[in-house]
Engineer: 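I have a structure here, written as structure tokens, and I will follow up with some questions on it.
When reading the values below, keep in mind they use all heavy atoms of this one structure, side chains included, and skip hydrogens, waters and symmetry mates.
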Number of protein chains: 2
Amino acid sequence: METKFREKLSAINLHYKIWMSDKKDAGILGDGKWQILKLIDQKGSLKAACDELGYTYRRTWGDLKKIEKFFGFPLLEKHRGGHEGGKTVLTEEGKRLVNAFDQFHASVDAMIQKGFESFIENLK
Amino acid sequence: METKFREKLSAINLHYKIWMSDKKDAGILGDGKWQILKLIDQKGSLKAACDELGYTYRRTWGDLKKIEKFFGFPLLEKHRGGHEGGKTVLTEEGKRLVNAFDQFHASVDAMIQKGFESFIENLK
DNA sequence: TTTGGATATGCATGGTATGACATATCGTCA
DNA sequence: TGACGATATGTCATACCATGCATATCCAAA
């Protein structure tokens, strides 16, 4: 089947976002916070993680505050002071959350890609 | 396994968005346009569809213009004038696009829900 | 040939998200 | 014990986008 769509299909880029919210739809965890949590733990520093991802410290700090407020317990071990200025790593719960989201995301990634390919086929 | 997360898990709502864009990341088709396209065809009217979904006519009109500009051919048959003021229905291509997105969305819906349940289980 | 209601489009404005800036606090190590 | 650099937090400016308002255009039916 030849359709008018054919020549445009390769110009289409697929995007998607998954996130979780509380009852009031205030964002809790999404791709952004997930990434930054992972990188914070890897680098041992909130600031360093922000710098690398190009996020502002101010904003990220607010995001992390929200997610911890929602759960009611810390996901991060934050330390101020010291010669290095401070450091931040994930708590056990933080690691658990990130790992769960890792798995979720990986399974969704694969499926969405497959579904998108079918979508394109259907338009050919 | 009993974790600190347990009591909060039921308060978490899952959301996701799928959309397509051109190379410049200008939105082409997403949940909003998909819904409105379907409803326009059903109602035979752009205005009626906007009213029902609570979208502004002004905005929706702009959205539809973008998607048609991207594809380079009409997805809608728009008629002005007449006693009824005018009417709008999908072209063959419009229907084809909506149907393809219908299928895509349905398959993703089911899969994401399943993945989310596993995510919750992992946190228990 | 007039009327009515939907399509079509420009523009002004106001609210919100975001970033930029400022500054306080902390604690370890040299 | 003082200096350093990261954590922690308030505030203000602004850029963006959604919304609303206004208005032009069209044509079938009465």
Engineer: Choose from C:dA8, D:dA6, D:dA8 the nucleotide whose nearest atom is closest to any side-chain atom of A:Tyr57.
Structural biologist: D:dA8

Engineer: So, does B:Thr88 get its side chain near the phosphate of C:dA6, meaning an N or O under 4.0 Å from OP1 or OP2?
Structural biologist: no

Engineer: Take a 6.0 Å sphere around CD of B:Glu84 and say whether it holds more than 12 heavy atoms from other residues, nucleotides or ligands.
Structural biologist: no

Engineer: Ignoring hydrogens, what is the shortest heavy-atom contact between A:Asn122 and B:Ala100? Give both atom names and the distance.
Structural biologist: CB-CB, 4.1 Å

Engineer: What's the CH2-P distance between B:Trp61 and D:dG20, to the nearest Å?
Structural biologist: 18 Å

Engineer: Is any side-chain heavy atom of A:Lys66 closer than 4.5 Å to one of A:Ile28?
Structural biologist: no

Engineer: Give the rounded distance in Å between these two atoms: NZ of B:Lys47 and P of C:dG4.
Structural biologist: 16 Å

Engineer: Could you list the protein-to-nucleotides 12-16 of chain D atom pairs, N/O on both sides, closer than 3.5 Å?
Structural biologist:
none

Engineer: Have A:Ser21 and B:His15 got a donor and an acceptor in their side chains that come within less than 3.5 Å?
Structural biologist: yes

Engineer: Choosing from C:dT7, D:dT9, C:dT9, which nucleotide comes nearest the side chain of A:Lys65?
Structural biologist: D:dT9

Engineer: Determine: side-chain N/O of A:Lys87 to OP1/OP2 of D:dT7, distance under 4.0 Å, yes or no.
Structural biologist: no

Engineer: Please report, rounded to the nearest Å, how far the P atom of D:dA6 is from the CG atom of A:Leu46.
Structural biologist: 11 Å

Engineer: Rounded off to whole Å, could you give me the NE2-to-C1' distance for the B:His79 and C:dA8 pair?
Structural biologist: 15 Å

Engineer: Return yes when atom NZ of B:Lys87 has more than 12 non-hydrogen atoms of other residues, nucleotides or ligands closer than 6.0 Å, and no otherwise.
Structural biologist: no

Engineer: What integer distance in Å separates A:Lys69:NZ from D:dA8:P?
Structural biologist: 17 Å

Engineer: Set out, in order, the CA-CA distance, both residues' side-chain angles and the distance that settles side-chain contact (heavy atoms from CB on, under 4.5 Å) for A:Phe70 and B:Lys8, then state yes or no.
Structural biologist: CA-CA 8 Å; A:Phe70 171 79; B:Lys8 293 288 178 177; 4.3 Å; yes

Engineer: Using the side-chain contact (heavy atoms from CB on, under 4.5 Å) rule, take A:Met111 and A:Phe116 through it: C-alpha gap first, then chi angles, then the decisive distance, then the call.
Structural biologist: CA-CA 9 Å; A:Met111 261 296 304; A:Phe116 183 57; over 6 Å; no

Engineer: Taking only the side-chain nitrogens and oxygens of A:Lys78, find out if one of them lies under 4.0 Å from OP1 or OP2 of D:dA6.
Structural biologist: no

Engineer: Less than 4.5 Å apart, side chain to side chain, heavy atoms only: is that true for A:Lys124 and A:Ile120?
Structural biologist: yes

Engineer: Going 5' to 3' along nucleotides 13-27 of chain C, which nucleotides have protein heavy atoms under 4.0 Å from the base (write B), which only from the sugar-phosphate (write S), and which from neither (write -)?
Structural biologist: -----SSB----BBB

Engineer: Against the six-membered ring of A:Trp19, is A:Lys17 placed for a cation-pi contact (under 6.0 Å from the centre, within 45° of the normal)?
Structural biologist: yes

Engineer: Without decimals, in angstroms, what is the distance between A:Glu77 CD and D:dT7 P?
Structural biologist: 14 Å

